[in-house]
Amino acid sequence: MTIALVPAKALDQAKGRLAELLTEHERRSLSLVMLGDVLRALSAARGVDRTFVVSPDQDILRDAERFGADPIAQPHSLSGINEALKHGLKVISLEEPTALLVLLADVPAVTSDEIESVLAALPRDLGAVICPSRAEGTSALVLRPPDVIDFRFGPNSFAQHEREASARGIPVQVMRLDSLLNDVDEPDDLRYLLSHAAETATHRLLAQMRVAERLKG
């Protein structure tokens with residue numbers, strides 16, 4: 001069984017680096033819409049048996065259920081994405097998954113076909129697939145078995161995930177996909193996203209908010 005796990009920050013903490021461009025309400029809306037696009041892609045991807053969302057935010061967890069994902073409430077005593085993922089994996093382990101896909105909530109242009117290609121690159125018995133971002137973070141990580149390496153998400157996490165897998169003798173595949181190279185954190189990320197047209201709810205929201213015009217200002 002392959003399970004997808006999507007970590008999502010609380011909405012009042014999301015996308016702070018976009019504060020000069022978007023209001024708090026707009027940032028909250030953007031975060032929810034991007035999550036929805038990611039969950040749609042996961043639900044349509046063959047090979048993903050179940051999807052879970054881990055977050056401390058009840059609004060996010062309610063939206064996750066609306067898109068067919070299982071919610072995992074992150075205890076407020078845990079901070080940071082890696083602690084959230086560890087908690088999520090502990091909950092998911094009850095389902096006895098054989099492989100785990102961690103996919104960030106802010107890569108709205110990802111498609112089901114791309115997700116399937118990432119899963120197909122995972123070795124049958126033991127291995128990892130890492131999809132880096134332009135900033136050399138990690139946008140997607142696939143592991144078999146799910147605990148074969150520790151989570152190292154954050155700055156320079158691509159190199160850290162790759163180094164840890166190598167140290168443990170785990171076969172690694174690196175896949176650089178356009179949609180996963182761009183996780184949305186800063187205005188330049190929105191500029192990049194808008195320059196790559198796609199039929200997503202995120203693109204429609206950005207058009208409604210006239211973000212392209214703001215970025216020119």
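What you see below is based on every heavy atom in this structure, not just the backbone, and it leaves out hydrogens, waters and symmetry mates.
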Q | Counterpart residues, side-chain contact (heavy atoms from CB on, under 4.5 Å), relative to His25 (two or more places apart) | A | Thr23, Ser29

Q: Look up atom OG1 in Thr200 and atom CG in Leu205, then write down how far apart they are to the nearest 0.5 Å.
A: 9.0 Å

(Q) Checking side-chain contact (heavy atoms from CB on, under 4.5 Å) between Leu193 and each of Thr202, Asp188, Val107, which is the one that passes? (A) Thr202

Q.
Suppose we screen for side chain to side chain donor-acceptor pair (under 3.5 Å). Which residues come up paired with Arg144, at least two apart in sequence or across chains?
A. none

Q) Shortest non-hydrogen contact from Ala69 to Val53? A) CB-CG2, 4.0 Å

Q | Verdict with supporting geometry, Glu213 and Lys216, salt bridge (charged side-chain N to carboxylate O under 4.0 Å, His left out) | A | CA-CA 5 Å; Glu213 295 176 18; Lys216 292 177 183 177; over 6 Å; no

Q) By side chain to side chain donor-acceptor pair (under 3.5 Å), which residues pair with Glu164, not counting sequence neighbours? A) Arg152, Arg168

**Q.** Partners passing side chain to side chain donor-acceptor pair (under 3.5 Å) against Asp57 (at least two apart in sequence or in another chain)
**A.** none

Q) Is it true that a side-chain atom of Asn82 and a backbone atom of Phe153 form a donor plus acceptor pair closer than 3.5 Å? A) yes

Q: Taking Thr98 for its side chain and Met1 for its backbone only, find out whether a donor-acceptor pair lies under 3.5 Å.
A: yes

Q. What are the two closest non-hydrogen atoms of Ala8 and Ala105, and how far apart are they?
A. CB-CB, 4.4 Å

Q: Just jot down the side-chain contact (heavy atoms from CB on, under 4.5 Å) partners of Ala19, sequence neighbours excluded, or say none.
A: Arg27

Q: Check whether any side-chain N or O of Thr138 sits under 3.5 Å from a backbone N or O of Pro132 as a donor-acceptor pair, and report yes or no.
A: no

Q.
Would you say Leu100 ends up clustered with Leu141 if hydrophobic residues are merged whenever their side chains have heavy atoms under 4.5 Å apart, either directly or through other cluster members?
A. yes

Q | Evaluation steps, side-chain contact (heavy atoms from CB on, under 4.5 Å), between Leu206 and Leu30 | A | CA-CA 8 Å; Leu206 294 175; Leu30 177 63; 4.1 Å; yes

Exercise answer: donor-acceptor pairs, residues 83-91 side-chain atoms, under 3.5 Å, sequence neighbours excluded:
from  : atom 1 : to    : atom 2 : distance (Å)
His87 : NE2    : Ala73 : O      : 3.2

**Q.** Exercise: identify the closest heavy-atom pair between Ala165 and Ile149
**A.** CA-CG2, 3.9 Å

For residues 170-180, which side-chain N or O atoms pair as donor and acceptor with protein atoms under 3.5 Å away, sequence neighbours left out?
from   : atom 1 : to     : atom 2 : distance (Å)
Ser179 : OG     : Glu114 : OE1    : 2.6
Ser179 : OG     : Glu114 : OE2    : 3.3

Q. Distance from Lys15 atom NZ to Leu190 atom CG, nearest 0.5 Å?
A. 9.0 Å

Q) Atom CD1 of Ile115 and atom OG1 of Thr2: how far apart are they, to the nearest 0.5 Å? A) 12.0 Å

**Q.** Which residues share a ring pair (Phe, Tyr, Trp, His ring centres under 6.0 Å) with Phe67, sequence neighbours left out
**A.** none

(Q) Please check this pair: side chain of Glu136 against backbone of Phe158, looking for a donor-acceptor N/O pair closer than 3.5 Å. (A) no

Q. With the 4.5 Å side-chain cut-off for hydrophobic clustering, are Leu122 and Leu143 part of the same group?
A. no

**Q.** Residue pair Asp183 / Ser133: nearest heavy atoms and the distance that separates them
**A.** OD1-CB, 3.5 Å

Q) Do side-chain atoms of Ser166 reach the backbone of Arg163 as a donor and acceptor pair under 3.5 angstrom? A) no

Q | Atom CZ of Arg191 with >12 non-hydrogen neighbours under 6.0 angstrom | A | yes

Q.
Which residues pass the salt bridge (Lys or Arg N to Asp or Glu O under 4.0 Å) test with Asp189, not counting sequence neighbours?
A. Arg134

Q | Electrostatic pair Glu26:Arg214 at N-O distance under 4.0 angstrom | A | yes

Q | Closest non-hydrogen atom pair, Pro97 against Ile3 | A | CB-CD1, 3.9 Å

Q) Atom CG in Leu61, atom CD1 in Ile72: separation rounded to 0.5 Å? A) 9.0 Å

Q | Sequence-distant partners of Arg50, salt bridge (Lys or Arg N to Asp or Glu O under 4.0 Å), two or more places apart | A | Asp70, Glu95

(Q) Among residues at least two apart in sequence or on other chains, which ones pass side chain to side chain donor-acceptor pair (under 3.5 Å) with Ser139? (A) none

Q) Shortest non-hydrogen contact from Pro56 to Gln74? A) CD-OE1, 3.4 Å

Q.
List the residues meeting ring pair (Phe, Tyr, Trp, His ring centres under 6.0 Å) with Phe52, not counting sequence neighbours, and say none if there are none.
A. none

Q: Give me the one residue out of Asp12, Asp59, Asp63 that meets salt bridge (charged side-chain N to carboxylate O under 4.0 Å, His left out) with Arg28.
A: Asp59

